[in-house]
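All heavy atoms count here, side chains included; hydrogens, waters and symmetry mates do not. In what follows, chains carry the letters A, B, and so on, assigned in the order in which the sequence lines appear, proteins first and then strands, with residues in each chain numbered from 1.
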2 protein chains.
Amino acid sequence: MTNTTLKLLAQQLQLSISTVSRALKDHPDISSATKEKVHALANSLDYEPNAYAIQLRTQSSKIFGVIVPAIANLFYDSFIAAIEEESRKNGYALMILQSSNNTENELNNLKIFRQNRVSGVFACLSAHTHNLEVYEKMSDRDIPVVFFDIVPKDNKYIKVRMADERCAIIAAENIIQRGAKRVLALFGDPALSISQKRKQAFQQFMEKYAPKTHCTYEHTYSSLEAEAAFKKHLSKTQKFDTVFAMTDEILIGVMKAIQALNIKVPKEMGVISISNGFIPSLYHPNISYVETSGYELGKLAFVQMLANLKGGKTLSELTVDARFIEGGSM
Amino acid sequence: MTNTTLKLLAQQLQLSISTVSRALKDHPDISSATKEKVHALANSLDYEPNAYAIQLRTQSSKIFGVIVPAIANLFYDSFIAAIEEESRKNGYALMILQSSNNTENELNNLKIFRQNRVSGVFACLSAHTHNLEVYEKMSDRDIPVVFFDIVPKDNKYIKVRMADERCAIIAAENIIQRGAKRVLALFGDPALSISQKRKQAFQQFMEKYAPKTHCTYEHTYSSLEAEAAFKKHLSKTQKFDTVFAMTDEILIGVMKAIQALNIKVPKEMGVISISNGFIPSLYHPNISYVETSGYELGKLAFVQMLANLKGGKTLSELTVDARFIEGGSM
DNA sequence: TTGATTTTCGCAAACGATTGCGGTAAATTT
DNA sequence: AAATTTACCGCAATCGTTTGCGAAAATCAA
């Protein structure tokens with residue numbers, strides 16, 4: 001079946017293409033009688049404007065590109081879900097590509113975005129991407145880029161992220177409030193600025209407000225390592241009474257160890273983490289956590305994108321605030 | 001900065017647009033001297049072909065549409081991840097939209113797909129979508145639709161799904177092998193064919209091969225309900241020794257109850273579920289499960305899509321097989 | 001040198017929509 | 001009845017590519 005186009009409609013109605021086009025979009029030049037006829041035929045013939053022709057003509061695509069390290073990730077999922085919602089409301093569609101934390105993929109994805117002349121890009125940097133030239137290239141083409149989560153340091157970029165320091169501090173506050181004596185604080189890949197920020201903020205706060213509390217810091221790269229680290233430290237003479245997990249991944253490892261050793265939470269061990277909430281809700285009692293909502297972040301990112309698209313250069317870093325969610329593990 | 005186009009290249013090189021176009025794609029008509037010059041300038045000017053113009057001209061978009069109920073879902077995530085990988089390998093990009101299990105959204109999404117003239121659609125039906133007219137409309141436009149997971153019954157559609165009956169049977173087999181005496185089997189929304197199939201297969205198998213085993217069946221709609229159901233049945237005089245969870249969601253509820261009641265797995269209670277593996281790996285011991293890999297399903301779906309695009313009508317239902325993954329909970 | 005080939009390239013028409021500008025008929029004004 | 005508006009509508013260029021066909025230039029054969 002051949003697609004129905006303006007031309008086809010025009011022929012059938014003995015009208016010009018321009019008239020049909022205008023009638024369809026309610027242009028005042030066209031009489032309502034004509035408009036009705038056009039709409040009627042368009043409906044019965046299931047006319048769908050060809051997005052490519054429009055985009056070619058208008059040079060704007062109504063598509064946003066999204067780059068995430070992995071789609072199958074609770075945090076990014078909710079981020080994507082949020083911008084998908086907003087995009088649809090605003091008449092945009094989403095093109096989602098995953099970098100798998102691989103710089104080369106990232107480059108290819110950006111190329112696809114450029115070729116498709118996306119209206120804007122939401123990007124989460126791969127763990128080890130440092131060369132931002134490609135992103136400059138987008139800006140050169142007037143395609144705004146909103147970085148999220150893993151963002152570049154330079155302030156000339158538009159970025160939204162979690163209030164990492166605040167997260168860590170809120171966690172620390174609650175640990176102090178619990179009256180913890182010895183705490184094990186587990187962080188992620190030390191090469192990531194997110195790990196650095198969280199650790200630094202956490203450590204500073206603890207040293208300042210609870211200098212007597214003994215803290216052990218460790219970086220782990222996976223759930224398995226976190227589990228091992230937990231067990232290792234627990235077997236030492238000086239046991240700890242509270243554990244802080246910087247990410248879901250780490251929390252998972254910790255909780256496996258806790259279950260395996262049949263440790264009672266929160267009596268024998270306090271647990272607190274930074275999370276979007278899903279993983280903490282899997283355990284009994286629910287794990288207390290500092291909320292970092294990918295969903296909220298997505299909403300914020302979208303606002304930034306729209307603002308940038310509309311007009312002004314809103315070059316700034318926005319953060320979404322964090323809050324403590326009581327679970328029962330502290 | 002103005003985008004570099006064929007026209008621009010042509011002007012700068014004193015060549016015609018057609019020559020430039022052909023040079024860029026290594027057409028034999030063009031001398032290698034010219035080709036080199038063209039390539040050189042194209043590179044230095046960062047030429048990126050305009051996908052819209054190409055698509056308008058060639059009438060093919062190199063984009064697949066994907067409709068899932070929710071992006072933030074472990075199963076769909078891995079499905080998406082799989083087709084994303086394959087798509088990129090094959091030069092396609094993905095446009096992902098979520099229906100939120102809402103038929104109206106589904107319609108809108110399909111409209112966007114039609115307007116963007118996607119090359120094909122991967123669709124998971126919303127829970128209560130029964131009117132497939134819109135999907136027919138896609139086929140009318142020669143846009144193949146590959147249904148996955150939640151698929152229509154009619155065999156005229158292309159579909160890939162998990163081997164639901166097999167899953168249930170494998171679970172039943174292992175329950176029998178464990179020597180279970182009383183089992184609680186928890187299923188999802190009874191309106192979904194996936195629940196029906198799994199339950200029916202499970203029940204038939206159990207009645208045939210272990211008629212003396214006492215099975216209690218129940219449908220629950222959420223984790224919370226599953227947790228409540230588990231507790232309710234446990235408080236009865238006749239306790240059960242094995243629980244079967246049809247989905248991750250149900251498993252989560254069950255495990256919360258198990259943790260809350262401090263029940264020992266697998267000594268006091270055997271646990272088995274159907275899952276893609278992530279949730280079962282969160283507990284200690286790991287929960288044994290029948291694997292339904294969204295990733296595998298994605299790969300299969302992509303093969304179907306490609307086959308259909310290439311030529312033949314491969315109207316058939318393909319299923320990806322299931323296998324038992326030993327966790328330690330049985 | 002001349003005719004036949006082969007290389008190498010340009011013309012122009014598409015693809016489907018948008019839009020400034022100009023034109024015609026009807027309606028309104030003098 | 002002539003002049004002026006107003007309401008409707010069409011012409012044609014344009015967005016950036018692709019591609020069939022024809023033509024000029026270069027090479028070759030005789």
Side-chain angles (χ1 to χ4, degrees), chain A residues 1-39 41-42 45-63 91 114-119 141-142, chain B residues 1-39 41-42 45-63 91 111-112 114-119 141-142:
Chain A
M1 165 178 167
T2 160
N3 272 320
T4 84
T5 66
L6 286 187
K7 187 200 265 184
L8 192 80
L9 294 180
Q11 283 173 349
Q12 302 229 354
L13 291 165
Q14 292 286 63
L15 286 173
S16 78
I17 294 181
S18 16
T19 301
V20 176
S21 170
R22 290 189 173 101
L24 250 18
K25 49 182 47 174
D26 212 31
H27 188 96
D29 264 14
I30 309 299
S31 72
S32 44
T34 310
K35 280 181 191 170
E36 275 180 36
K37 272 190 285 183
V38 172
H39 274 113
L41 188 65
L45 259 53
D46 252 340
Y47 170 73
E48 306 264 7
N50 184 315
Y52 296 119
I54 295 177
Q55 284 149 0
L56 179 56
R57 175 62 222 240
T58 64
Q59 303 285 13
S60 95
S61 74
K62 289 280 179 184
I63 293 181
R114 260 176 285 132
Q115 293 186 345
N116 281 282
R117 303 291 195 271
V118 294
S119 300
R141 283 183 174 39
D142 284 320
Chain B
M1 166 178 165
T2 162
N3 272 320
T4 84
T5 65
L6 287 187
K7 189 200 265 185
L8 191 80
L9 294 181
Q11 283 173 348
Q12 303 230 353
L13 290 166
Q14 292 287 63
L15 285 174
S16 78
I17 295 180
S18 17
T19 302
V20 175
S21 170
R22 291 190 173 102
L24 250 17
K25 49 182 45 176
D26 213 29
H27 191 332
D29 264 14
I30 310 298
S31 71
S32 41
T34 310
K35 281 180 191 169
E36 274 180 37
K37 272 190 285 184
V38 173
H39 274 112
L41 188 64
L45 259 54
D46 251 340
Y47 170 74
E48 306 263 6
N50 184 315
Y52 296 119
I54 295 177
Q55 283 147 1
L56 179 58
R57 174 63 222 240
T58 63
Q59 304 283 21
S60 95
S61 75
K62 288 282 178 181
I63 293 182
K111 188 169 179 182
I112 294 178
R114 260 176 286 131
Q115 293 186 346
N116 279 283
R117 304 289 195 273
V118 295
S119 301
R141 283 184 175 36
D142 284 320

Consider the side chain of Gln59(A), meaning its heavy atoms from C-beta on, and name the nucleotide among dG16(C), dC15(D), dT19(C) that approaches it most closely. dC15(D)
If you check every side-chain atom of Ser18(B), which of dG16(C), dT17(D), dT19(D) has the closest atom? dT19(D)
Return no unless some side-chain N or O of Tyr52(B) is found under 4.0 Å from OP1 or OP2 of dT14(D). no
Rounding to 0.5 Å, atoms OG1 (Thr5(A)) and CD1 (Ile17(A)) come to a distance of 7.0 Å
Nearest-angstrom distance from the residue atom NE2 of His27(B) to C1' of dG10(C): 13 Å
Indicate whether OP1 or OP2 belonging to dA17(C) is found under 4.0 Å from a side-chain N or O atom of Lys25(A). no
Under 3.5 Å, side-chain donor or acceptor atoms of residues 49-56 of chain A against the rest of the protein: list the pairs with distances, not counting sequence neighbours.
from: Asn50(A); atom 1: OD1; to: Tyr52(A); atom 2: N; distance (Å): 2.7
from: Asn50(A); atom 1: OD1; to: Ala53(A); atom 2: N; distance (Å): 3.1
from: Tyr52(A); atom 1: OH; to: Asn116(B); atom 2: O; distance (Å): 2.5
from: Gln55(A); atom 1: NE2; to: Ser61(A); atom 2: O; distance (Å): 2.8

Could you give the CG-to-C1' distance, from Leu56(B) to dC15(D), as a whole number of Å? 9 Å
What is the distance, rounded to the nearest whole Å, between atom CG of Asn50(A) and atom C1' of dC15(D)? 13 Å
Is there side-chain contact between Leu6(A) and Leu24(A), with at least one heavy-atom pair below 4.5 Å? yes
Starting at CG of Leu13(B) and ending at P of dG10(C), how long is that distance when rounded to a whole Å? 10 Å
Do Thr4(A) and Asp46(A) touch side chain to side chain, with heavy atoms closer than 4.5 Å? no
Between Gln12(A) and Leu41(A), what is the shortest heavy-atom contact and its length? CB-CD2, 3.7 Å
Write down the protein N/O and nucleotide N/O pairs, taken from nucleotides 4-9 of chain D, whose separation is under 3.5 Å; answer none if there are no such pairs.
from: dC9(D); atom 1: OP1; to: Thr34(A); atom 2: OG1; distance (Å): 2.7
from: dC9(D); atom 1: OP2; to: Ser31(A); atom 2: N; distance (Å): 3.1
from: dC9(D); atom 1: OP2; to: Ser31(A); atom 2: OG; distance (Å): 3.3
from: dC9(D); atom 1: OP2; to: Thr34(A); atom 2: OG1; distance (Å): 2.9
from: dC9(D); atom 1: N4; to: Asp29(A); atom 2: OD2; distance (Å): 2.5

What is the distance from CG of Leu6(B) to P of dT14(D), rounded to the nearest Å? 17 Å
Sequence neighbours excluded - salt bridge (charged side-chain N to carboxylate O under 4.0 Å, His left out) pairs with any residue from residues 25-34 of chain B: Asp26(B)-Lys35(B)
How close or far is atom C1' of dC15(C) from atom CD1 of Ile17(A), stated in whole angstroms? 12 Å
Minimum heavy-atom separation for Arg117(A) and Glu48(B), please, with both atom names. NH2-O, 3.2 Å
When rounded to whole Å, the CD to C1' distance for the pair Gln11(B) and dC9(C) reads 17 Å
What is the separation between atom CG on Leu24(A) and atom P on dT19(C), rounded to the nearest whole Å? 13 Å
